[in-house]
Amino acid sequence: MPNRLPEHAHLVAEYVEPYRGGRLTSGQVERFRRVVWSYYRAARRPMPWRETRDPYRIMVSEFMLQQTQVSRVEPRYHEFIARYPTVFELATAPLGEVLRSWQGLGYNRRAKHLHETARRIAERGGIVPDEVRELRTLPGIGPYTAAAVAAFAFDRRVVVLETNIRRLFLHGFFPDAQGVSDREIEPLVEQTLPERGVRQWYYALMDCGAALAGMVGNANRRSRHYSRQSSFSGSVREVRGMIVRVLSEHAEVPLETLERAIGPTDERFRPALEGLERDGMVVVSGRSVSLGESSP
DNA sequence: ATCCTGAAGC
DNA sequence: GCTTCGGGAT
């Protein structure tokens, strides 16, 4: 995180045109676009998944980036793509191996969902869908990721809205409003969306929104959908993470050994292990536990 | 403490 | 609508 932001970041922070409803004037659209592009030209963030056109690799990056910083994803993305260069390597790998590749990234269900999605895509010849409606049917792909894959991999002209873009529009067009719904923001995203070059435009929007995070208070707190996150330390998912980490270091672990590793007095152990089993990420057979799905 | 290119289950 | 789901950097 640079202490000194690029000059154009101030241009982004100073762009405020309170939105009064209706359609944006062509002048407003033009001014907004000028600020966004000028920032992007000066300070675009290069990322490996922005250099490829491979829909599979873009999809992998979108799974990894859900609730996870770019800086944390970057090294893991390289490792993952080196191990699973195409959707077929990923689809044919055992779930346990994929979970090990994911270890430390967090939200491990993303890995299971990505694996299952890869299997379904491989069954259909390895073609990643290019339509939001179809993408939405795949596990782990929600409203954002579906739109992101369509826009970034296929340059489809669809509305993409995530935390950086939301922050940018809240800051620029809803400076004083409270409890702003995404339904109010989406029309503005649509109206400022260019006819061509959709992918680069969204990269620019996200970089502008990310730049704002370091300068002004988080405008996303004025979103209707804003909610604080429950604390991690002391939570069940903390123990889930510990269990997955231990299991990823061994092929099979006796139940007692696993419990001792976590802390025999920790009453979160049972619910955590049962949750992981229910989610299909660990298998308890007899008195031993292993990562992945039950082998056929 | 806060938040990160969210999704699923209820 | 509300909760759960990781982990690390700040």
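First the proteins, then the strands, lettered A, B, ... as listed; each starts at 1. No experiment lies behind these values; they were computed from the predicted model shown.
- Taking side-chain N and O atoms only, A:Arg136 has a distance below 4.0 Å to OP1 or OP2 of B:dA8.
- Between A:Asn218 and the phosphate of B:dC3, there is a side-chain N or O to OP1/OP2 separation shorter than 4.0 Å.
- Heavy atoms of A:Trp102 sit nowhere under 4.0 angstrom from any nucleic acid atom.
- Within the 4.0 angstrom heavy-atom criterion, only backbone atoms of the sugar-phosphate kind lie near A:Thr145; the bases stay farther away.
- Looking at residues two or more places apart in sequence or on another chain, you find a ring pair (Phe, Tyr, Trp, His ring centres under 6.0 Å) between A:Phe169 and A:Phe32, A:Phe173.
- The residue A:Phe63 sits apart from the nucleic acid: no heavy atom pair falls under 4.0 Å.
- Among residues two or more places apart in sequence or in another chain, the side-chain contact (heavy atoms from CB on, under 4.5 Å) test is passed with A:Arg124 by A:Pro129, A:Glu134.
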Show me the donor-acceptor pairs, under 3.5 Å and distance only, between side chains in residues 272-283 of chain A and residues at least two apart or in other chains.
{"from": "A:Asp279", "atom 1": "OD2", "to": "A:Arg240", "atom 2": "NH1", "distance (Å)": "3.1"}
{"from": "A:Asp279", "atom 1": "OD2", "to": "A:Arg240", "atom 2": "NH2", "distance (Å)": "2.8"}

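- For the residue pair A:Arg221 / A:Asn218, no side-chain donor-acceptor distance below 3.5 Å is found, with atom types taken as modelled.
- Proximity of residues 171-186 of chain A to DNA chain C (heavy atom under 4.0 angstrom from any strand atom) is not detected for any residue.
- Rounded to whole Å, atom C1' of C:dT4 lies 16 Å from atom CD of A:Glu274.
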Interface polar pairs with nucleotides 6-8 of chain C, N/O, under 3.5 angstrom:
{"from": "C:dG6", "atom 1": "OP1", "to": "A:Asn108", "atom 2": "N", "distance (Å)": "3.4"}
{"from": "C:dG6", "atom 1": "OP1", "to": "A:Asn108", "atom 2": "ND2", "distance (Å)": "3.3"}
{"from": "C:dG6", "atom 1": "OP2", "to": "A:Arg240", "atom 2": "NE", "distance (Å)": "2.8"}
{"from": "C:dG6", "atom 1": "O4'", "to": "A:Tyr107", "atom 2": "N", "distance (Å)": "2.6"}
{"from": "C:dG6", "atom 1": "O6", "to": "A:Tyr107", "atom 2": "OH", "distance (Å)": "3.0"}
{"from": "C:dG6", "atom 1": "N1", "to": "A:Gln67", "atom 2": "O", "distance (Å)": "3.1"}
{"from": "C:dG6", "atom 1": "N2", "to": "A:Gln67", "atom 2": "O", "distance (Å)": "3.4"}
{"from": "C:dG6", "atom 1": "N2", "to": "A:Thr68", "atom 2": "OG1", "distance (Å)": "2.9"}
{"from": "C:dG6", "atom 1": "N2", "to": "A:Leu105", "atom 2": "O", "distance (Å)": "3.2"}
{"from": "C:dG7", "atom 1": "N2", "to": "A:Gln69", "atom 2": "OE1", "distance (Å)": "3.4"}
{"from": "C:dG7", "atom 1": "N2", "to": "A:Arg72", "atom 2": "NH1", "distance (Å)": "2.7"}
{"from": "C:dG7", "atom 1": "N3", "to": "A:Arg72", "atom 2": "NH1", "distance (Å)": "2.8"}
{"from": "C:dG8", "atom 1": "N2", "to": "A:Gln69", "atom 2": "NE2", "distance (Å)": "3.0"}

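- A heavy-atom distance below 4.0 Å to DNA chain B is reached by none of the residues of residues 148-157 of chain A.
- Annotation: salt bridge (charged side-chain N to carboxylate O under 4.0 Å, His left out) contacts involving residues 59-81 of chain A, sequence neighbours excluded, comprise A:Arg76-A:Glu79.
- Listed by first then second residue, pairs satisfying salt bridge (charged side-chain N to carboxylate O under 4.0 Å, His left out) with a partner in residues 222-237 of chain A number zero, not counting sequence neighbours.
- In this structure, A:Leu65 places its CG atom 15 Å from C1' of B:dA7, rounding to the nearest Å.
- In this entry the distance linking CZ of A:Arg221 with P of B:dA1 reads 13 Å, nearest Å.
- Members clustered with A:Val236: none, using a 4.5 Å side-chain heavy-atom cutoff among hydrophobic residues.
- Take the nearest nucleotide of DNA chain B for A:Arg228 and for A:Ser71: the residue whose nucleotide is more 5' is A:Arg228.
- Contact annotation for A:Val73: no contact, since no heavy-atom pair falls under 4.0 Å across all strands.
- Within the nucleic acid shown, A:Arg167 comes within 4.0 Å of sugar-phosphate atoms alone, with no base atom in reach, counting heavy atoms only.
- Under the 3.5 Å distance criterion, the side-chain polar atoms of A:Glu51 are left unmatched by any main-chain donor or acceptor of A:Pro48.
- Separating the CZ atom of A:Arg166 from the C1' atom of B:dC3 is a distance of 13 Å, rounded to the nearest angstrom.
- Residues meeting the ring pair (Phe, Tyr, Trp, His ring centres under 6.0 Å) test with A:Tyr40, sequence neighbours left out: none.
- Comparing A:Arg224 and A:Asp279 along DNA chain C, the residue whose closest nucleotide (by nearest heavy atom) sits nearer the 5' end is A:Arg224.
- For A:Phe63, the ring pair (Phe, Tyr, Trp, His ring centres under 6.0 Å) test picks out no residue, with sequence neighbours left out.
- With 3.5 Å as the limit, one finds no donor-acceptor pair spanning the side chains of A:Ser233 and A:Glu238.
- Sorted by first and then second residue, the pairs that involve residues 198-220 of chain A and meet salt bridge (charged side-chain N to carboxylate O under 4.0 Å, His left out), not counting sequence neighbours, are A:Arg45-A:Asp207, A:Arg50-A:Asp207.
- Annotation: of the two residues near DNA chain B, A:Met47 and A:Ile141, the 5′-most nearest-nucleotide partner is A:Met47.
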